[in-house]
Amino acid sequence: MPDILSAFILGLSLAVPVGPICLAIVKKGISNGFFPALFVGIGAILADVCFMIIIYFGLTQIIFMTPVQISLYLFGSTLLIYLGIESINKRKTALSRSSSLSTSVFASFWTGLSIALFNPINLMFWFGIFGSTLAELTSEQSSSFLIYAIFLFLGILVWNISLSFLASFFGQFLSRSLLPILNVIAGLCLLAFGFHFVLKLAEILF
């Protein structure tokens with residue numbers, strides 16, 4: 001039971017810190033509603049599953065190879081800058097929620113997956129802070145590792161559902177004049193993360 005509880009708490013602690021994923025979930029929840037916001041989180045969880053598999057098979061060192069680091073910072077910064085600019089440019093569309101739920105959900109899923117896969121912050125959490133904890137479990141029975149992983153992702157999912165609900169719920173009560181402002185703020189935050197990754201990329205290259 002303590003291991004299961006610690007896995008759940010570990011999942012929450014991985015998901016709670018404010019970053020590009022949380023910003024994308026909040027932005028989608030306010031602009032498009034609960035399910036598009038939730039599918040941003042589900043896309044991010046799929047990326048996390050990939051990271052878990054890498055850790056399980058002992059391939060962590062690949063992530064820290066210089067060419068891989070360059071690629072991650074390059075794609076991550078490009079993606080976040082693009083999403084930031086898009087959020088600012090489309091601020092007026094925040095006045096009405098998307099009528100095409102299926103399209104919005106599909107786009108949200110790929111947004112969450114892409115941000116998580118190419119987000120160096122996310123990678124540092126998995127392979128730096130949490131990687132050692134998870135790596136220790138690989139020496140135990142595979143069933144124990146699987147149970148631990150399930151409850152870890154359950155913690156992440158609970159946070160994503162909660163954040164999606166809160167963003168969607170309060171988004172309904174925001175004034176029409178405030179929604180574009182929030183879109184701009186979210187866009188600027190995404191740009192800040194993107195340019196931060198650009199600086200990290202410059203440090204590696206030069």
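The model shown is predicted, which means the values in this text are computed figures rather than measured ones.
When all heavy atoms of V105 and P36 are compared, the closest pair comes out as CG2-N, 4.1 Å. Residues S168 and F34 approach most closely at OG-N, 3.1 Å, considering heavy atoms.
For F109, the ring-ring contact (aromatic ring centres under 6.0 Å, His included) criterion is met by no residue, not counting sequence neighbours. Y82 meets the side chain to side chain contact (heavy atoms under 4.5 Å, CB included) test with E86; sequence neighbours excluded. Residues passing the ring-ring contact (aromatic ring centres under 6.0 Å, His included) test with F75, sequence neighbours excluded: F118. With sequence neighbours excluded, no residue satisfies ring-ring contact (aromatic ring centres under 6.0 Å, His included) with F195. Remark: L12 pairs with F8, W159 by the side chain to side chain contact (heavy atoms under 4.5 Å, CB included) rule, at least two apart or across chains. Every residue meeting the side-chain hydrogen bond (donor to acceptor under 3.5 Å, both in side chains) condition with D48, not counting sequence neighbours, appears here in chain and number order: N122, W126.
Considering I30, L166, T111, N160 in turn, N160 is the only one that fulfils the side chain to side chain contact (heavy atoms under 4.5 Å, CB included) rule with I25. L83 pairs with exactly one of I81, I85, L79 by the side chain to side chain contact (heavy atoms under 4.5 Å, CB included) rule, that one being L79.
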Under 3.5 Å, which donor-acceptor pairs link side chains of residues 37-47 to any protein atom two or more places apart or in another chain?
none

Side-chain donor/acceptor pairs under 3.5 Å, residues 197-206, sequence neighbours excluded:
none

